[in-house]
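See structure below.
Because the structure is a prediction, the values reported are computed rather than measured. Side chains are part of it too, since the values below use all heavy atoms of this structure and drop only hydrogens, waters and symmetry mates. Letters go in sequence order (proteins before strands), and every chain restarts at 1.
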Protein chains: 2
Amino acid sequence: MDKPSLPKGTRDFGPAVMAKRQWILGHIRNIFQRYGFLPLETPAMENLSTLTGKYGDEGDQLLFRILNSGDFLKEADQESLTSKNSKAVSSAIAEKGLRYDLTVPFARYVVMNRHEINLTFKRYQIQPVFRADRPQKGRYREFYQCDADVVGTDSLLCEAEIILMINDVMNALGVQDFTIKVNHRGILNAIASRMGASGKESDVFVAIDKLDKIGEEKVRLELSEKGFTREQLDLLFRLITITGNHQSILAQLNADLAVVPDGLYGVKDMEQVLQMVHQYGCSDDQVQLDISLARGLSYYTGCIFEVKINSVRIGSVSGGGRYDNLTQAFGAKERLSGVGISFGIDRIYDALDELDLFPRQTQASTRVLVCHMDETSMHYGLRILSVLRLAGIASELYPDIATLKNLETGDQQRLVVEQIIELIQQAG
Amino acid sequence: MDKPSLPKGTRDFGPAVMAKRQWILGHIRNIFQRYGFLPLETPAMENLSTLTGKYGDEGDQLLFRILNSGDFLKEADQESLTSKNSKAVSSAIAEKGLRYDLTVPFARYVVMNRHEINLTFKRYQIQPVFRADRPQKGRYREFYQCDADVVGTDSLLCEAEIILMINDVMNALGVQDFTIKVNHRGILNAIASRMGASGKESDVFVAIDKLDKIGEEKVRLELSEKGFTREQLDLLFRLITITGNHQSILAQLNADLAVVPDGLYGVKDMEQVLQMVHQYGCSDDQVQLDISLARGLSYYTGCIFEVKINSVRIGSVSGGGRYDNLTQAFGAKERLSGVGISFGIDRIYDALDELDLFPRQTQASTRVLVCHMDETSMHYGLRILSVLRLAGIASELYPDIATLKNLETGDQQRLVVEQIIELIQQAG
């Protein structure tokens, strides 16, 4: 028999990794709840009618489809089978797929339960998602997403709270050197208008999204190939590279974008959000207004966020923003605007590992291992174990061997059980 | 556009249900860890070569299969397609499936990581499993399993610890009136021998497994149709219905099974396990030696367990036992005996709900809702919020409206923020 293996792009999380992941997720869950977000879980399997058409053509191709049970070929068209037309056959033999992200299932849940939900609705969701992507370093076919969204209000308080929440998460994880980049799609739209590039916003967003990776020269090249003039690009780069403190950047944008009809709503939103964040007591140093932040082809319409841990060479560990209408794709008539944030657990894990920020206790679970030399000591051991566990201390009786080992220091101490509990509780 | 729906047999867990599920799982996870079990997670997607052949023919048909990505029909045999031979085509177009339980993925993990694992290995795993079963009340196509196993030792301490652990879980969940039924496959085998029914043990196990549901008369009928005589069945029912305290039941079995070659090893195991459970301090009243407990067609070879919450009409909420060889199905040469326990989260949920045992706090997450009447009070509200959250109290600022509501009592009190924290922390 062949040695068993895992499907490409999937992973087991053994005890050592799990302990660290639980430590991260425990902190995030805790902070989500402290901010009033409530947990939601949706099934891994969704109807394909729920999933298709929501992620573009490319996304549709990356959906994992689940074969119908039983005699699945019965419904398939004979001609499509004979011509081996995979696409035509697929829709006949697979009705369900695996969820691709947590946003579409959330929107489906809201549409299906609209009458029982009180707005504003704040939910968080931490579950694996599935993508038939080509696996590569750091890219998996099954991986966790960790999202929090508040929907049903246009209030900018939500944006401020999301920024605060990110700040709290990074602090709880012990990360000191991080930057929360913020921007507003309204500012970018106004810049596009000012450039005379209205209607071509998405070209601009996709191009400047790559600025970090490929540099200004290549971004300019890409955009000039799309017909942008030298003057347009000079203006674009002057505006998206404005630096300084929040006030001076906003003042500059106010001066440059006042001529654009309705060109200042993004700037005004941003001003209010940054002011609230300041009032909440979050240091301005953590929050960077970065006009070149675009978040590519995403569906955001208002404020956008991205979080970078500065001392590691790992992409952004969190991102999000305000969207205009969560449930539009399901044909819902009511407009439900919201703000969402997503934490990249795999990247956060790698960053904390590199920075050695995991506390030592997350490495092991059991604190006391009771060993016995003979039957009498075993019976005494059983009683000690009960007392230790009652005190909440993870303890084990080693079932088979008969030698005593102190696993960390090699020290041996003769203690009564009360002393053991005190010692361990002091050690934290 | 049609209103979106969920696949048959799947569920969303909204915030109210999630809070209660998290409360249950938090207690169980906590107790697992206290007993030295370490967390493991495996992917939802497994290779079909890992899954097939492990659950019998019926199980194989209940596996959810995942369509290969891309042009999946390319590899399929033209003739099988033309004749619409679903079974033949299935293996050509689907290489992966969804996990059916947590035991097979655990065994696969142990085989793949055998060299990094220290025996004895104690793992717990809490993840959803997927079965293409006919959905009905209480039976789902996607549902959580919650397993703990210790492998790599024959020590009966493990059995004792599993019983203790079940006892702790029930106590932590506030369940008072429960029974942990225990038995031993060795006792049942010896009874079959004594009946002269060696080789027909599984007929006996499957039949007496139904005793609770269909009664003695129908079980007798089923077995006499399989060729058992009246005398055999009288002996069987006399032995499996022995009642009394542990000592008297074991004494009776000792007397009846001494004539069977090697007929007392199950009785001896059971004696030791019950003695250790007693020494640990678990009340004998919670543990019932029930010789009619069989656990049907399962792969158990030693002690078996089943847990019943007595005051509700819900089947067993937990079950498990000792098996002889975890990794045999993967062709591993080393014999890895182990003991496992599985908690049925859906049934536990229903039982606690019926008994009204969920604490009131699990119903809601946010403890303080700060509302503002105007901009000045909003800014003050923002500062209060930060202080409350720093104190670990889940708090929200209501973003849109401007009236103050005390959600529970209707009472209004003027308090400074320190008083609020004290009040809430006192309330627990």
Side-chain angles (χ1 to χ4, degrees), chain A residues 1 4-5 7 10-15 18 22 33-34 36 38-45 47 50 64-67 69 71-74 81-82 84 86 89 94 96 108-109 111-112 120 128 132 142 153 155 157-158 276 279-281 330-331 365-366 379 382 386 389 394 396-397 399-400, chain B residues 1 4-5 7 10-15 18 22 33-34 36 38-45 47 50 64-67 69 71-74 81-82 84 86 89 94 96 108-109 111-112 120 128 132 142 153 155 157-158 276 279-281 330-331 365-366 379 382 386 389 394 396-397 399-400:
Chain A
M1 194 178 292
S5 61
T10 70
R11 295 163 289 172
D12 289 320
F13 299 121
M18 272 301 288
Q22 286 182 338
Q33 300 205 156
R34 206 183 292 167
L38 300 172
L40 173 71
E41 279 190 13
T42 63
M45 300 192 290
N47 288 322
T50 298
F64 278 114
R65 286 150 207 271
I66 298 165
L67 212 48
S69 319
D71 188 7
F72 60 89
L73 282 179
K74 209 169 63 184
L81 286 174
T82 309
K84 291 196 169 186
S86 290
V89 170
K96 291 185 290 296
R108 180 204 39 76
Y109 174 83
V111 172
M112 281 177 67
T120 61
E142 177 170 347
T153 169
S155 167
L157 264 174
C158 302
M276 284 188 275
Q279 277 163 347
Y280 262 113
F330 289 104
S365 161
T366 291
H379 293 159
L382 290 178
S386 295
R389 287 173 179 159
E396 274 181 273
L397 191 63
D400 290 316
Chain B
M1 194 177 292
S5 62
T10 69
R11 295 163 289 172
D12 291 320
F13 298 122
M18 275 299 289
Q22 285 181 338
Q33 302 207 156
R34 208 185 288 169
L38 300 172
L40 172 71
E41 279 191 12
T42 63
M45 299 191 292
N47 288 322
T50 298
F64 278 113
R65 287 150 205 271
I66 298 165
L67 212 49
S69 321
D71 190 7
F72 59 88
L73 282 179
K74 210 168 61 184
L81 285 175
T82 309
K84 291 196 169 185
S86 290
V89 170
K96 291 186 290 295
R108 178 203 42 73
Y109 174 83
V111 172
M112 283 178 66
T120 59
E142 177 171 348
T153 171
S155 168
L157 265 174
C158 303
M276 282 188 278
Q279 277 163 348
Y280 263 113
F330 290 104
S365 163
T366 292
H379 293 159
L382 290 177
S386 295
R389 286 173 179 159
E396 276 183 89
L397 191 63
D400 290 314

Give a yes or no on whether the backbone of B/S5 and the side-chain of A/N47 come within a donor-acceptor separation of less than 3.5 Å.
yes
Kindly give the heavy-atom pair with the smallest separation between [X] and [Y], and that separation in Å.
X      : Y      : result
B/T10  : A/M45  : CG2-CE, 4.0 Å
A/G14  : B/Y109 : CA-OH, 3.4 Å
B/M112 : A/P4   : CG-O, 3.3 Å
A/F64  : B/I66  : CD2-CG2, 3.6 Å
B/R11  : A/P43  : O-CD, 3.2 Å

Engaged part of [X] at the chain A interface, taking heavy atoms whose separation is under 4.5 Å:
X      : answer
B/K84  : both
B/S69  : side chain
B/P128 : neither
B/R65  : both
B/A44  : both

I'd like to check the side-chain hydrogen bond (donor to acceptor under 3.5 Å, both in side chains) partners of A/E41; sequence neighbours left out, ordered by chain and number.
B/Y144
side-chain hydrogen bond (donor to acceptor under 3.5 Å, both in side chains) filter on B/T82, not counting sequence neighbours, yields none
Point-to-point distance, once rounded to the nearest 0.5 Å, from CD of B/Q22 to CD of A/Q33:
5.5 Å
Is A/D12 salt-bridged to B/R108, cutoff N-O under 4.0 Å?
yes
